[in-house]
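Start at 1 and go down the list; that is how both ligands and their atoms are numbered. For the single chain, residues carry numbers from 1 onward in sequence order.
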Amino acid sequence: MSRGLFITFEGTEGAGKSTHIRLLAEHLRQQGRTVRELREPGGTLLGEEIRHLLKHHPAGHGMTAEAELLLINASRAQLVREVIRPALAAGEIVLCDRFADSTTAYQGHGRGLDLTLVESAIAAAVGNTWPDLTLLLTVSQTTSEARRKRRSGTDRFEESGPEFFARVESGFAAIAHSHPQRVKVIDADCPLETVQADIQRRVAVILSNA
Ligand code: T5A
């Protein structure tokens, strides 16, 4: 591949994004591909500091939705320029745990920020670096809660109530509906192996066209 491939994973908490990125990366490396695994917010030194501010730092209590929007996109602006663009230019496959669609779903639909404002902030961070493929992992609220409980500790986002997460989910559904070419919906309520097989099938299709 002369230019790499940019694949993002989206979905609500506990959908299995991190788990499936790890499994897909192993699978692709076994095929001899060079794979970069990233997460948002984070993925750079600056981005990881912002992640901590957003999720765990006491200074984040009382953070406004606008500050949240801008901090997430500050992390993204750094990640896009410092890591994603150079990796794609070097022909790598970039797998990113959340990207711009999460901002539309969480800060736009979830927090209720004006969607035009959200789009402007995303545009400043991303420019023309958009994913070639987005895998939207969907799970029921019950599954999401059960899987989250297996992890230790919570963060500031998880303090939001069920109504917030319901709005986030409908936000993701609206994004998938508006971008059917880029966004593919994966039923992540299924067993791990079934979900991973579905993901590998989707990725094989896009790799064969690259
Ligand atoms: N955020 C982020 C915004 O608000 N706006 C933005 O623009 C961005 C980029 C990030 C937070 O930031 C917010 C959203 C988030 O709240 P995070 O910790 O990275 O915080 O949160 P998540 O991305 O949601 O990470 P999670 O760990 O909660 O979810 P994952 O990665 O989807 O789930 P994973 O892989 O850790 O799996 C959870 C458990 O389920 C099991 C796994 O083994 C694990 O134990 N599992 C399965 N079990 C059975 N069957 C399956 N099919 C399974 N799939 C996974």
K.L.:
So, are Lys17 and Glu37 salt-bridged, with charged N and O less than 4.0 Å apart?
P.N.:
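Salt bridge flag = no for Glu37 with Lys17.
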
K.L.:
Would you check if the side chain of Asp155 reaches a backbone N or O of Glu158 as a donor-acceptor pair within less than 3.5 Å?
P.N.:
yes

K.L.:
Quick one: does Glu68 get within less than 4.0 Å of ligand 1, heavy atoms only?
P.N.:
no

K.L.:
Please report the closest heavy-atom contact between Met63 and Leu53, naming both atoms and the distance.
P.N.:
CE-O, 4.0 Å

K.L.:
Counting both backbone and side chain atoms, is some N or O of Tyr106 under 3.5 Å from an N or O of ligand 1?
P.N.:
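The answer is no, given that Tyr106 and ligand 1 share no N or O pair closer than 3.5 Å.
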
K.L.:
Applying the 4.5 Å side-chain criterion to the ILVMFWY set and letting contacts propagate, would Ile21 and Leu136 be lumped into a single cluster?
P.N.:
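Per the 4.5 Å side-chain linkage, Ile21 and Leu136 are not co-clustered.
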
K.L.:
Please state which protein non-hydrogen atom is closest to atom 42 (C) of ligand 1 and give its distance, to 0.1 Å?
P.N.:
Thr19 OG1, 3.5 Å

K.L.:
Which residue and non-hydrogen atom of the protein lie closest to atom 23 (O) of ligand 1, and at what distance in Å?
P.N.:
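It is Arg98 NE, 2.8 Å.
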
K.L.:
Mind checking whether Arg51 has an N or O less than 3.5 Å away from an N or O of ligand 1?
P.N.:
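The answer is yes, given that Arg51 and ligand 1 share an N or O pair closer than 3.5 Å.
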
K.L.:
Please check whether Ala15 reaches ligand 1 - meaning an N/O of the residue sits under 3.5 Å from an N/O of the ligand, judged on distance alone.
P.N.:
yes

K.L.:
Short question: side chain of Arg98, backbone of Gly11 - any donor-acceptor pair under 3.5 Å?
P.N.:
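Confirmed, Arg98 side chain pairs with Gly11 backbone.
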
K.L.:
Report yes if some N/O of Thr103 lies less than 3.5 Å from some N/O of ligand 1; otherwise report no.
P.N.:
yes

K.L.:
Which bit of Ala105 is near ligand 1, meaning a heavy atom under 4.0 Å away: side chain, backbone, both or neither?
P.N.:
neither

K.L.:
Heavy-atom contact check, 4.0 Å cutoff: does Arg22 meet ligand 1?
P.N.:
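No.
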
K.L.:
Looking only at protein heavy atoms, identify the closest one to atom 11 (C) of ligand 1 and say how far it is in Å.
P.N.:
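Answer, as residue, atom name and distance: Phe157 CD1, 3.7 Å.
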
K.L.:
On a heavy-atom basis, which atom in Val35 and which in Ala25 lie closest, and how many Å separate them?
P.N.:
CG1-CB, 3.9 Å

K.L.:
Does Arg39 come within less than 4.0 Å of Glu48, counting only side-chain N to carboxylate O?
P.N.:
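A salt bridge links Arg39 with Glu48.
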
K.L.:
Considering only heavy atoms of Ala188, which atoms of ligand 1 have at least one such atom less than 4.0 Å away?
P.N.:
52 (N)

K.L.:
Is it the case that the side chains of Gln200 and Gln196 hold a donor-acceptor pair, with the cut-off being a distance below 3.5 Å and no angle test?
P.N.:
yes

K.L.:
When rounded to the nearest 0.5 angstrom, what is the spacing between CD1 in Ile7 and CG in Leu135?
P.N.:
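So the gap between those two atoms works out to 6.5 Å.
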
K.L.:
So, for Val94 and Ala87, which heavy atoms are closest and what is the spacing to 0.1 Å?
P.N.:
CG2-CB, 3.7 Å

K.L.:
For atom 4 (O) of ligand 1, grab the closest protein heavy atom and report residue, atom and distance to one decimal in Å.
P.N.:
Gln107 NE2, 2.9 Å

K.L.:
Counting each atom of ligand 1 from 1 as listed, which ones have a heavy atom of Lys17 under 4.0 Å away?
P.N.:
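Answer, ordered by atom number: 22 (P), 23 (O), 24 (O), 29 (O), 30 (P), 31 (O), 32 (O), 33 (O), 35 (O).
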
K.L.:
Once you round to the nearest 0.5 Å, how far does CD of Gln107 lie from OG1 of Thr104?
P.N.:
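So the CD of Gln107 and the OG1 of Thr104 are separated by 9.0 Å.
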
K.L.:
Show me which atoms of ligand 1 lie under 4.0 Å from any heavy atom of Arg76.
P.N.:
7 (O), 9 (C)

K.L.:
Identify the two heavy atoms, one from Glu169 and one from Val139, that lie closest to each other, and give their separation to 0.1 Å.
P.N.:
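Here Glu169 and Val139 meet closest at OE1-O, 4.2 Å.
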
K.L.:
With a 3.5 Å distance limit and no angle check, can you tell me whether Arg51 reaches the backbone of Pro41 through a side-chain donor-acceptor pair?
P.N.:
yes

K.L.:
Among all protein heavy atoms, pick out the one at the shortest distance from atom 28 (O) of ligand 1; state its residue, atom name and that distance to 0.1 Å.
P.N.:
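Going atom by atom, the protein heavy atom closest to atom 28 (O) of ligand 1 ends up being Arg151 NH1, 2.2 Å.
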
K.L.:
Quick test: of every protein heavy atom, which one is nearest to atom 40 (O) of ligand 1, and how far off is it to 0.1 Å?
P.N.:
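The answer is Arg147 CD, 3.1 Å.
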
K.L.:
Determine whether any heavy atom of Cys190 lies closer than 4.0 Å to an atom of ligand 1.
P.N.:
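Contact present.
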
K.L.:
Mind checking whether Arg39 contacts ligand 1 via backbone (N, CA, C, O), side chain (CB onward), both or neither, at a 4.0 Å heavy-atom cut-off?
P.N.:
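Looking at Arg39 and ligand 1, no heavy atom falls under 4.0 Å.
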
K.L.:
Look at the side chain of Arg76 and the backbone N and O of Val126, then say whether any donor-acceptor pair between them is shorter than 3.5 Å.
P.N.:
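The answer is no, because no donor-acceptor pair under 3.5 Å joins these two groups.
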
K.L.:
For atom 17 (P) of ligand 1, what is the nearest protein heavy atom, given as residue, atom name and distance?
P.N.:
Lys55 NZ, 3.3 Å

K.L.:
Which residue and non-hydrogen atom of the protein lie closest to atom 15 (C) of ligand 1, and at what distance in Å?
P.N.:
Glu13 OE2, 3.6 Å

K.L.:
With a 4.0 Å cut-off on heavy atoms, is Pro191 touching ligand 1?
P.N.:
yes

K.L.:
Counting only heavy atoms closer than 4.0 Å, does ligand 1 sit against the backbone of Ile72, its side chain, both, or neither?
P.N.:
side chain

K.L.:
Between Ser102, Pro41, Gly11, flag the one that comes closest to atom 6 (C) of ligand 1 by a heavy atom.
P.N.:
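Considering heavy atoms of Ser102, Pro41, Gly11, the nearest to atom 6 (C) of ligand 1 sits in Ser102.
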
K.L.:
State whether the shortest distance between N or O atoms of Val195 and N or O atoms of ligand 1 falls below 3.5 angstrom.
P.N.:
no

K.L.:
Roughly how far, to the nearest 0.5 Å, is the CG atom of Asp198 from the CD atom of Glu193?
P.N.:
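Rounded to the nearest 0.5 Å, the CD-CG separation comes to 13.0 Å.
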
K.L.:
Taking distance alone, with N or O pairs closer than 3.5 Å, would you say Gly14 contacts ligand 1?
P.N.:
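Among all N and O atoms of Gly14, at least one is under 3.5 Å from an N or O of ligand 1.
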
K.L.:
Short list, please: which atoms of ligand 1 are under 4.0 Å from a heavy atom of Glu40?
P.N.:
9 (C)

